[in-house]
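The sequence lines fix the lettering, A, B, ..., with proteins before strands; numbering per chain opens at 1.
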Amino acid sequence: MDSDDEFNSSQVSEDEFMQDSDVDLVDDDSDFDMDQDDVGFETQDKDIKPSKQAYEVDFKVFDPEQIQQTQDKQITDVSAILGQPPEATAILLRHLRWNKERLIDKYMEDQDGILESAGLGESATHNPPKIIRVKGFVCDICCEDGPELDTFAMKCGHRFCVGCYRQYLYTKIKDEGEAARIRCPGDGCNRVVDSKSLDLLVAEDLRDRYQELLTRTYVDDKENLRWCPAPNCVYAVECGVKDKELKRIVPTVHCECGHYFCFGCSLNDHQPAPCALVKKWLKKCEDDSETANWISANTKECPKCHSTIEKNGGCNHMTCRKCRHEFCWMCMGVWSEHGTSWYNCNRYEEKSGSEARDAQAKSRQSLERYLHYYNRYANHEQSAKLDKDIYLKTEKKMQQLQNTTGMSWIEVQFLDTASQALQQCRQTLKWTYAFAYYLARNNLTEIFEDNQKDLEMAVENLSEMFEKPIDQLKGLKVDMMDKTAYCNKRRIILLNDTAENLKQGNWEFNVSMS
Amino acid sequence: MALPKRIIKETERLMAEPVQGISAIPHEENLRHFDVVIFGPSQSPYEGGVFKAELFLPEDYPMAPPKVRFLTKIYHPNIDRLGRICLDVLKSNWSPALQIRTILLSIQALLGAPNPDDPLANDVAQQWKEDQNKAIATAKEWTEKYAKP
């Protein structure tokens with residue numbers, strides 16, 4: 001009976017959101033209630049749908065009001081099932097992180113236990129607490145007394161004057177940012193202040209803040225909801241992709257505010273690279289990059305202990321500070337084989353020297369490899385910024401173009417579209433290099449690199465056109481629109497290829513994904 | 001600024017009916033600042049010791065807890081070498097219904113029951129867990145050395 005009820009409820013709220021959201025909503029069975037155990041069926045269904053690209057995931061964007069409505073709806077539903085007033089039900093739901101099923105089970109099993117642990121004390125009656133005056137009352141907090149003093153207590157009976165209660169709630173909400181678990185001010189009392197009591201006591205501005213904090217904990221508590229990380233964005237995104245699926249899916253979502261981000265890790269869109277690789281890559285870049293560049297250009301390694309050595313003067317007879325190994329800086333061979341021909345190494349072909357150079361070459365090679373990918377990664381990052389600068393300049397010229405050539409506003413929008421495509425493709429390209437760094441060499445990788453090359457060429461071609469003087473832009477319009485479309489197409493091809501192979505586990509990485 | 005009624009009442013009561021083994025006397029120039037003396041509880045390594053502390057009631061007291069700090073050196077896993085105290089009622093479990101009196105009693109109780117599982121002074125807590133007898137001996141030694149009147 002419970003599950004029927006629940007099914008209907010999620011259907012209804014779904015329809016509500018369908019109406020006023022212009023995001024492409026294709027899933028009919030998105031699980032509102034976060035059933036943690038059934039993973040897989042939903043995503044498989046999604047694969048069959050032809051309308052969606054392989055690299056896309058289903059998601060929904062909620063504004064604060066919708067989040068509020070969803071909460072209220074669940075509270076009303078569960079309230080009816082449990083026969084508890086809504087404000088107590090809200091506390092119970094929050095206590096079990098909005099897991100409706102578990103709450104109902106636990107409630108049926110051990111009603112008093114769950115009420116106690118949620119901070120609701122003995123079973124709540126339908127007689128809500130009121131503000132009253134009590135004869136002979138002295139407030140334990142401010143020590144005031146008198147017959148005029150308004151007092152308040154929740155069901156726990158810890159009575160304080162309204163002024164102190166209010167001040168207490170104010171401190172908790174404003175200063176400490178607490179909402180879901182504000183306890184009774186009484187010493188050692190675990191009873192949680194419910195929203196009804198709060199409404200009775202505090203002013204409207206504080207109530208708004210309280211609701212805001214509650215909504216925040218709601219989104220934080222729900223595994224399938226996440227705040228958009230863009231600055232000042234108020235939206236939250238719902239997506240069914242679970243943590244354990246992140247090795248197979250890169251769930252990029254697109255907020256109403258325009259921000260693209262990864263639902264798995266909240267970082268900016270990093271398709272095609274999966275979260276685990278992104279984390280590794282960013283850490284590596286933080287540790288190495290610039291330092292690695294310098295090391296590669298200016299140092300060699302001791303052939304024996306591999307300490308990094310910078311030669312800042314003196315002769316070629318090197319003595320490693322660390323292991324005391326003596327060698328020749330030129331050929332890296334053992335010094336003892338050099339005899340007395342100091343300052344002039346003519347022993348290039350010596351065996352010990354060539355072995356040492358081999359070993360050195362190997363370690364340098366791995367560094368070179370990293371730098372190859374890093375430089376391209378950083379380059380796209382940089383270029384995306386430059387493209388944006390050029391666009392901002394172009395925007396002014398778009399205005400001039402309209403004035404001088406008589407083109408209409410709508411006719412110059414192709415520049416905007418092209419610029420956005422560039423940014424997006426650069427973002428993708430950037431991460432293809434991080435992805436490629438961790439790929440093992442095989443046929444799939446070759447195909448990947450071809451795709452990468454195609455996209456890169458398309459992007460560079462389009463980017464080049466942005467640098468053309470403004471008077472030529474009008475004539476380039478059609479060409480530019482074609483190139484924009486081509487870029488977008490190449491990007492989709494690349495992302496689909498990587499996403500499909502990721503889903504099927506076809507990629508071989510040279511690191512472990514955990 | 002006028003002193004809130006609550007603080008006046010509390011101070012009056014502290015003077016009129018002091019808690020056994022504890023004294024708290026406000027400074028004349030700042031009535032929110034108290035000189036505190038706590039006697040080491042019997043059957044603890046601090047027995048016979050007289051521990052000085054200072055207590056300050058912040059602006060938003062009693063919504064915020066009082067600030068308490070030991071001035072006498074003490075060897076205790078929940079008190080660090082600056083005299084700061086790790087005690088739940090002074091932090092997350094503070095309730096505005098608690099008072100100076102109850103807080104000082106809690107601190108006295110903490111002396112009687114050290115809790116090395118929730119340490120502030122890590123080295124002391126470590127010692128306490130590894131070799132309790134030796135730690136107690138050190139605590140007695142410190143009491144003898146620093147906390148004698």
Taking B/M63 as the fixed residue, which of A/I141, A/D175, A/L169 is the one that meets the side chain to side chain contact (heavy atoms under 4.5 Å, CB included) rule? A/I141
Considering residues at least two apart in sequence or located in another chain, which fulfil the salt bridge (charged side-chain N to carboxylate O under 4.0 Å, His left out) criterion with B/R6? B/E10
Can you tell me which portion of B/P96 sits under 4.5 Å from chain A's heavy atoms? Options are side chain, backbone, both or neither. both
Do other residues, nucleotides or ligands put more than 12 heavy atoms under 6.0 Å from the CD atom of A/E65? no
Crowding at CD, A/E176 (>12 non-hydrogen neighbours, <6.0 Å): yes
Looking only at heavy atoms, what is the nearest atom pair of A/G186 and B/S95, with distance? C-OG, 3.4 Å
My understanding is that only residues two or more places apart in sequence, or in another chain, count here; which of them pass salt bridge (charged side-chain N to carboxylate O under 4.0 Å, His left out) with B/K5? A/E144, A/D145
Between chain B and each of A/C142, A/C139, A/C143, count heavy-atom pairs under 4.5 Å; write down the option with the most. A/C143
Contacting region of A/F160 [heavy-atom separation from chain B under 4.5 Å]: side chain
More than 12 non-hydrogen atoms from neighbouring residues, nucleotides or ligands closer than 6.0 Å to CD on B/E17, yes or no? yes
